[in-house]
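Down below is the structure, laid out as structure tokens.
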Amino acid sequence: MSCLMVEGCGAVTFKRLEQNAIQVRMLADGRLSTGHAGVLLAERRGSYPLIDLHILNTSAQQGEVESCTRRKVKRLLSFQRYCHASRLLRGLVPHTPGSLHLLDDDYLGQAGHMLSKVSAWNFDIFLFDRLTNGNSLVTLMCHLFNVYGLIHHFQLDMVKLHRFLGMVQEDYHSQNPYHNAVHAADVTQAMYCYLKEPKLAGQLSPLDVFLGLMAAAAHDVDHPGVNQPFLIKTRHHLASLYQNTSVLESHHWRSTVGMLRESGLLSHLPADMSQDIEQQLGSLILATDISRQNEFLLTFREHLDNQDLDLQLASHRHFILQIALKCADVCNPCRVWELSRQWSERVCEEFYRQGDLEKKFDLEISPLCNQQADTVPAIQTGFISYIVEPLFEEWQRFTEPSLLSQTMMGHLHKNKARWSRLRFTHPTSESQMQPHVEEDPEPEGGGGGGGGGGGGHEEDVP
Ligand SMILES: [Zn+2]
């Protein structure tokens, strides 16, 4: 296994394959050096240096000690969460007299109830994440692997599976408003809904399902919360490593490969099979690069026009998995308003934070990142018109007849109209964000945000 571990006094640990290919200078106090002055790289387990930009002249020594302690506590808590999650997954109830587990059990009971309706399009991933104590990605993935019998089919070791999924979840940055483990869980839940589409479900092999879910769960892992142009203009080492092309997506993929190898999840499989899985995961994750949107859209449209998609062919199924993952990645505007709105706020907040960093370091502010000029409704209407709508129109053609696609298009059109109205009626971004009473009644009674906890309408929507 070609991974490298370095333990500095700041407990800096590097475990990714990419690390072998790059030059990283370790400073005496355990910090990393990059080309961009004035930037202190955050330390995260197994993570690449991040754009969690702190100014260099902060008290690094003290910060590292605190960071180290925090990490240990976090690991301990993570371990406790795993115990809870595994109990939930095995349907066991912990018995510890006098403990405080009663509340946890109640929460986990509700999370378990939500999982029974995980195929509902109005599944509230935010609520699910709270009920699982921030463990939504691991819990969801284990559940779906059980649903599909993937653990048995691929003879997976449960300990290794938990280790892998735990690493993936932990390597998402919880401080990112948008690109965090909840987004990954949301994309995974959407992917599950797409894999269940009647047009697709009967054609997929266990390997297809395994790849689809794994790619969804890991597709943004270790995302730094800034985009590729930012990495390029700050001369981040990942940009030069991947030659300014699909920089983030390449990093998500290679990080996933590193964690697969580190966990040994696939070590019992023949080498050519695990290599094939790694390559296919790469092809799926790289397809989420939004700059390749037109390339995929045109090919998809051409296949649909020619009616030449043959899902008996592994290559065609792989292409559809790429499209499904792309759809799942940008499906926020197709969710019910209350969920959709929260994602919109989060993604714009992440853009604005990048804009603030650019301002702070005298860099040109990237498009969509200027909070004063780029309002949330304007960003959302553009995103829906140019990215989401064209893609989902083709997805609807492919899945036809599909109740889910109809539902998604219904939400998409209503949400787009709502953002358009907000764009012209509320000039300031603050007022745009208020979830005040709107003119529309909540679409599809019961669909609005209550989510899996109790609402009885989930299964009405595929
Ligand atoms: Zn994503």
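The model shown is predicted, which means the values in this text are computed figures rather than measured ones.
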Would you say [X]'s side chain and [Y]'s backbone share a donor-acceptor pair under 3.5 angstrom?
X	Y	result
Gln155	His152	yes
Gln322	Leu284	no
Tyr178	Arg346	no
Asn370	Pro367	no
Asn227	Phe230	yes
Thr132	Asp129	yes
Glu249	Ile285	no
Tyr352	Asp374	yes
Ser340	Asn332	yes
Lys326	Ala287	yes

Just how far is it from atom [atom1] of [X] to atom [atom2] of [Y], taken to the nearest 0.5 Å?
X	Y	atom1	atom2	answer
Leu131	Thr139	CG	OG1	10.5 Å
Phe361	Leu357	CZ	CG	6.0 Å
Leu108	Asn133	CG	CG	8.0 Å
Leu127	Met114	CG	CE	4.5 Å
Met167	Thr256	CE	OG1	10.5 Å
Phe319	Thr299	CZ	OG1	5.0 Å

Using the ring centroid of each side chain, check whether [X] and [Y] are separated by less than 6.0 Å.
X	Y	answer
Tyr194	Trp121	yes
Trp395	Phe392	no
Phe398	His303	no
Phe210	Phe145	yes

So which heavy atom on [X] is nearest to which on [Y], and how close?
X	Y	answer
Gly264	Lys160	O-CD, 3.2 Å
Glu197	Ser402	OE2-OG, 2.8 Å
Lys199	Leu311	O-CD1, 3.6 Å
Arg261	Glu278	NH2-OE1, 2.7 Å
Leu231	Ala239	O-CB, 3.7 Å
Lys359	Ile365	CE-CD1, 3.7 Å

Taking the side chain as every heavy atom from C-beta outward, state whether [X] and [Y] have any pair of such atoms under 4.5 Å apart.
X	Y	value
Asp171	Ser255	no
Leu281	Leu260	yes
Leu195	Leu321	yes
Val330	Phe383	yes
Leu265	Met259	no
Leu161	Asp157	no
Leu207	Leu211	yes
His143	Tyr192	no

For a quick check under 3.5 Å, do [X] and [Y] share a side-chain donor-acceptor pair by atom type?
X	Y	value
Gln380	Ser344	yes
Ser405	Thr399	yes
Gln354	Glu358	yes
Asp289	Ser246	yes
Glu350	Asn176	no
Asp220	His183	yes
His318	Gln280	yes
Asp329	His219	yes

Where does the angle between the aromatic ring planes of His179 and His223 fall among parallel (under 30°), tilted (30 to 60°) and perpendicular (over 60°)?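 The rings of His179 and His223 lie parallel, inter-plane angle below 30°.
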
Report the C-alpha separation of Arg163 and Glu262 in whole Å, then their side-chain angles, then the decisive distance to 0.1 Å, and conclude whether the salt bridge (charged side-chain N to carboxylate O under 4.0 Å, His left out) test is met. CA-CA 9 Å; Arg163 194 183 301 151; Glu262 191 177 330; over 6 Å; no

Could you walk me through whether Arg301 and Leu304 pass side-chain contact (heavy atoms from CB on, under 4.5 Å), step by step? CA-CA 5 Å; Arg301 203 170 274 154; Leu304 294 172; 5.8 Å; no

Between His411 and Met408, does the side-chain contact (heavy atoms from CB on, under 4.5 Å) criterion hold? Intermediate values first, please. CA-CA 5 Å; His411 290 313; Met408 291 195 299; 5.7 Å; no

cation_pi(Arg335, Trp343) dist<6.0 Å, angle<=45: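 Negative - Arg335 is either too far from the ring of Trp343 or too far off its axis.
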
Test Asn135 against Val138 for side-chain contact (heavy atoms from CB on, under 4.5 Å), laying out the working first. CA-CA 6 Å; Asn135 217 22; Val138 172; 4.0 Å; yes

Between Leu165 and Leu137, does the side-chain contact (heavy atoms from CB on, under 4.5 Å) criterion hold? Intermediate values first, please. CA-CA 8 Å; Leu165 293 173; Leu137 186 59; 6.0 Å; no

Give a yes or no on whether a salt bridge exists between Glu364 and Lys233, defined as a side-chain N under 4.0 angstrom from a carboxylate O. no

